[in-house]
Amino acid sequence: LWEMEDDGDPLLPSLADQEAWKTRWKWFGYSVDVDGDLACVVAAISGEVYIFERDDGDDDTTGGSWAQMDKLIFEDWIVTECLIAGNTLAVQTLDLQSGIFDNLQLYVYNEDTDKFVFLQSVFPADGAKVLSRDYLIFSTSYTSSPSNRTMYDGVHIYNRQSERDPFTLLQFLNASKYDPMFGARLALDNDVLVVH
């Protein structure tokens, strides 16, 4: 949400004052994901991820209410995306000190007694991402021109044996073999992966 000046125009944040910018413009709701009774919500600029849990409600006709279960804080980072599947949370961040779109990090957390604890960080993902209980799949540099591509550009497919295990690289689809926009969108349905 933007604050408004007296004349009705948006009062935009000043990039020169990053601390004030982070404090006043949290961008709560920048990214939202829901899986069953758990939801994650990103406050991008303040570097926060809120996890909400839904209770059962009074009876079968009500969906229950949502309450905050946990909050993760990433100091000096902008959080750009969260994904939740089962008891697993993935969070993408950008380093606020090095500038927008530099130094991307993708972190994975597992729920442990109503708190999410760090599990691992994986290869920086600047493209599309999908998360399931068994798979973490993401693309890298799908917008790069073919001449700017690196050996890491493409779709990275990670899997694991159980929800408590870290993800390990199962397969890499190199973008140089496909269209320059390979990996712009991803969809996963059970064991079927669709790459656009």
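The residues of the chain are indexed from 1 along the displayed sequence.
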Would you call Leu131 and Phe167 a side-chain contact if the rule is heavy atoms closer than 4.5 Å?
yes
Spacing of OG belonging to Ser132 relative to CD1 belonging to Ile137, to within rounding of 0.5 Å:
6.5 Å
Just jot down the side-chain contact (heavy atoms from CB on, under 4.5 Å) partners of Gln171, sequence neighbours excluded, or say none.
Ile157, Leu173
Is there a path of hydrophobic side-chain contacts, each under 4.5 Å between heavy atoms of I/L/V/M/F/W/Y residues, joining Leu119 to Leu169?
yes
Between Ser139 and Leu186 the two heavy atoms that sit nearest each other are N-CD1, 4.0 Å
Taking all heavy atoms of Val195 and all of Gly183, pick out the closest pair and write down the distance.
CG1-N, 3.6 Å
Is the backbone of Leu170 close enough, under 3.5 Å, to the side chain of Asn159 for a donor and an acceptor to pair up by distance?
no
Could you check if a side-chain atom of Phe28 sits within less than 4.5 angstrom of a side-chain atom of Glu48, using non-hydrogen atoms only?
no
Is there a path of hydrophobic side-chain contacts, each under 4.5 Å between heavy atoms of I/L/V/M/F/W/Y residues, joining Phe74 to Val117?
no
Decide yes or no for Asp191 and Tyr135: does some side-chain heavy atom of the first lie under 4.5 Å from some side-chain heavy atom of the second?
yes
Does CD in Gln68 sit with more than 12 non-hydrogen atoms of other residues, nucleotides or ligands closer than 6.0 Å?
yes
Can you check side-chain contact (heavy atoms from CB on, under 4.5 Å) on Val49 and Phe116, steps first, answer last?
CA-CA 11 Å; Val49 178; Phe116 278 82; over 6 Å; no
To the nearest 0.5 Å, what is the distance between CZ (Phe118) and CG (Leu89)?
12.0 Å
Could you pull out all donor-acceptor pairs under 3.5 Å where a side-chain atom in residues 107-115 meets a protein atom, sequence neighbours excluded?
unit_1: Asn110; atom_1: OD1; unit_2: Thr88; atom_2: OG1; d: 3.0
unit_1: Asn110; atom_1: ND2; unit_2: Glu163; atom_2: O; d: 2.5

Tyr30, OH: over 12 other non-hydrogen atoms inside 6.0 angstrom
no
Evaluate the criterion side-chain contact (heavy atoms from CB on, under 4.5 Å) for residue pair Arg133 and Asp35; output intermediate values, then yes/no.
CA-CA 11 Å; Arg133 286 171 170 79; Asp35 184 42; 3.7 Å; yes
Would you say Val91 ends up clustered with Ile73 if hydrophobic residues are merged whenever their side chains have heavy atoms under 4.5 Å apart, either directly or through other cluster members?
no
What side-chain donor-acceptor pairs closer than 3.5 Å can you find for residues 78-87, not counting sequence neighbours?
unit_1: Thr80; atom_1: OG1; unit_2: Gln92; atom_2: O; d: 3.4
unit_1: Thr80; atom_1: OG1; unit_2: Gln92; atom_2: NE2; d: 2.9
unit_1: Glu81; atom_1: OE1; unit_2: Lys129; atom_2: NZ; d: 3.0

Closest non-hydrogen atom pair, Trp66 against Leu38:
CZ3-C, 3.9 Å
Rounded to the nearest 0.5 Å, what separates atom SG in Cys40 from atom NZ in Lys71?
15.5 Å
Measuring only between side-chain heavy atoms, which start at C-beta, is Ile51 closer than 4.5 Å to Leu72?
yes
Nearest atoms (heavy-atom pairs only) where Phe172 meets Asp153:
CZ-O, 3.3 Å
Does any part of the side chain of Trp77, heavy atoms only, come nearer than 4.5 Å to the side chain of Gln105, both counted from C-beta?
yes
Can a donor-acceptor pair be found, under 3.5 Å and without considering hydrogens, that links the side chain of Thr140 to the backbone of Gly154?
yes
Arg54 side chain vs Gly36 backbone, donor-acceptor pair below 3.5 Å:
yes
Is it true that a side-chain atom of Arg160 and a backbone atom of Asp165 form a donor plus acceptor pair closer than 3.5 Å?
yes
